[in-house]
Amino acid sequence: MAPKLPLHHPVEQSSTASAGGQAAAHPAPPRGLMRWLLTTNHKEIGSLYLIFSLTMFFIGGVFALVVRAELFQPGLQLVQPEFFNQMTTMHGLIMVFGAVMPAFVGLANWMVPLMIGAPDMALPRMNNFSFWLLPVAFTLLLSTLLMPGGGPNFGWTFYAPLSTTFAPPSTTFFILSLHIAGISSILGAINIIATILNLRAPGMRMMDMPLFVWTWLITAFLLIAVMPVLAGAVTMMLMDIHFGTSFFSAAGGGDPVLFQHIFWFFGHPEVYIMILPAFGIVSAIIPTFSRKRLFGYASMVYATASIAFLSLLSSGLTTCSPWACRWPASCSSCTPPC
Amino acid sequence: MVIGVVVFGVMFYSLFRFRHSKGAKAAHFHEHTLVEVIWTAIPLLILVAMAVPATATLKNMYDPSDADLDIMITGQQWRWRYEYLGEEVAFTSNLGTPRETIRGEGERGENYLLEVDEPLVLPVGRKVRFLITAEDVIHSWWVPDLAVKQDTIPGFVNENWVRINEPGIYRGQCAELCGMDHGFMPIVVQAMEGEEFDAWLAERKEASAQDASGVDREWSMDELMARGEQSYNAVCASCHQADGSGNPPAFPALAGNQALMDERERHIETVVNGVSGSAMPAFRNTLSPVEVAAVITYERNAWGNDTGDLVQPAEIAERLAE
Ligand SMILES: [Cu+2]
């Protein structure tokens, strides 16, 4: 371990409750920018996540304002259709991957160690790494707007072949940035699982954990299940664009609908990835302010787990069944209702 | 709305009535397996009860057999092509709203962006089967009042059907983001009485036979330019712009494109067979030989490209026959 980074003693510290420990026990953190670049403190990383998420929320929000301003009146006023499509696409990508998901990882970083009596996250340096991947991913994604031919313009669900054969050249950078954001999510999820399974205060059983911790544990498993599938989908796009494969082109024996199946295997659980931690937050706030225990804690845990399980199944159902529900898969501008 | 009022009503009443400052004490009950089971089972039963009749209807909805008329619908960036199978009638249906109106010059009509140059004409009271596919990207043929919404997948043919009860005009739109002009490829269906429809179809057959005979004769420059301008503005201008300036680098300029003007052969080849792996479609099947010849002649002589070249329909027809 590098001498400047705080040492990590889960067992001794978990009994002294206060995460981060006494200041005297650690060397002073580096000052200025290096402090934030190198921090392994779960609260500081949590704050970084939250600030990043808020920044992305504003950027994605401005894109939405461009969209709404153009739609204020019929006809073309402010922007051309090509740029309009880039705005809707970027708005979706940034809100989903840059605002909502990092916001919940930030809250998990802050709250999970406190709620389970752990001194920090189980893997503090990986925690730092998974955060700092995000600014890289989104700088890359936003920079595509300045590239020749513009940024992604095929909707946040990027259906092939609009996102392959017919996409702007910057799509390759879009793919790379999704890969980086995906790695960040997977690392964050691994960290949360390792923390919850290994660093609970002595005597705290799984069924003693606050519901927010439970919902995040389940969300983390969902993330690990589906982010690699998304990575697979964009890699297949990359191959179709640059290496002459035809995964999504009927001309070469592929199938454009295959993309939708793969995408929604990710996309459907993604809906729950974005809502389960929020359920956990609600289940913490309401009991607190109504000064009573949560009703049916055990069944809430089971319900959350079965939502996650069913979402993995239903992703297959909504896109695979020959007649039912083709429409949710074809709604390209937004998340399907369920 | 009503549900919202009831739910929030009860919530706000409870929040206000039992507030802490009035000394309310929370009742401490939790865990009750029976109610958990009941409020899981009831929605489940409702869902199953709904699924049974819904499945029967869906099976019926997806049975396109025994149709009286087959229509091939092809989605293209950014227009629809309709082919009356076995009748030798086919045409392309383009956005009817002029570009200037979209830009805000001129009055917007009642059917702004929901009007086309040539509607799909269908008979009432007959079962019409749709065979639906796409040239380039995925589109979706959606006419809400006909309850038809079907994705068009390049390389695959989907089926759907309709039996229209009332004559009239039915309007719809492309419902799958398909690129730049996704919002500018509406659908208009004109439903007529059976006899009226038969007369219309016969007339169209006549007209397309006449168009075919136009291939053999020699066309003059003026004729080709007039015809070419019309087709160019309807079909090519969305990508290459009405003034031929394109939108580089995605869509190359045709005006002042010296390399292209020097290569007449490649020019014809590009328009007939498209450029695979790019957005440039092949027009072999979607434009008639007369239209292809006219549009190429137009491109080679408009906007200061004064090459003086003529491309005769016969030349294109010969190439297509190979
Ligand atoms: Cu379309």
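Lettering follows sequence order; numbering is per chain, from 1.
Heavy-atom distances place the backbone of A:A160, and not its side chain, under 4.5 Å from chain B. Residue A:P168: no heavy atom, backbone or side chain, is found under 4.5 Å from chain B. Neither the backbone nor the side chain of A:Q73 comes within less than 4.5 Å of any heavy atom of chain B. B:F251 does not touch chain A: none of its heavy atoms, backbone or side chain, sits under 4.5 Å away. In this structure, no portion of B:H182 lies under 4.5 Å from any heavy atom of chain A. Looking at A:I241, neither its backbone nor its side chain comes within 4.5 Å of chain B, counting heavy atoms on both sides. Only the side chain of A:N85 has a heavy atom closer than 4.5 Å to any heavy atom of chain B. Proximity to chain A (any heavy atom under 4.5 Å) is shown, for B:D136, by both the backbone and the side chain. The parts of A:A298 that come within reach of chain B are both its backbone and its side chain, each placing non-hydrogen atoms under 4.5 angstrom from that chain.
Annotation for B:I3: atom CD1 does not count as buried by contact number, only 12 or fewer foreign heavy atoms lying within 6.0 Å. Residue-environment remark: CZ (B:F18) exceeds the threshold of 12 foreign heavy atoms within 6.0 Å. Annotation for B:R108: atom CZ counts as buried by contact number, over 12 foreign heavy atoms lying within 6.0 Å. Counting heavy-atom neighbours within 6.0 Å of B:R19 CZ, excluding the residue itself, gives a total above 12. The neighbour count for A:H242 NE2, taken as heavy atoms of other residues, nucleotides or ligands under 6.0 Å away, is above 12. The local environment of CG in B:D66 is sparse, with at most 12 non-hydrogen atoms from other residues, nucleotides or ligands closer than 6.0 Å.
Minimum interatomic distance between B:M180 and A:P81 (heavy atoms only, all atoms of both residues): O-CB, 3.2 Å. Heavy-atom minimum distance, B:F156 versus A:P256: CE1-CD, 3.7 Å. Nearest heavy-atom pair, B:P154 versus A:A250, reported as atom, atom and distance to 0.1 Å: O-CB, 3.6 Å. Listed here is the closest heavy atom pair of A:F154 and B:L177: C-CD2, 3.4 Å.
Ranked by heavy-atom pairs shorter than 4.5 Å toward chain A, the options B:G179, B:A54, B:S14 are led by B:G179.
Between A:Q80 atom CD and B:R103 atom CZ the span is 8.5 Å, to the nearest 0.5 Å.
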**Prompt:** Hey, mind stepping through A:F295 and B:V35 against side chain to side chain contact (heavy atoms under 4.5 Å, CB included) and telling me if it holds?
**Reply:** CA-CA 11 Å; A:F295 183 91; B:V35 299; 4.0 Å; yes
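Residues B:I138 and A:P161 have side chains in contact (heavy-atom distance under 4.5 Å, counting atoms from C-beta outward).
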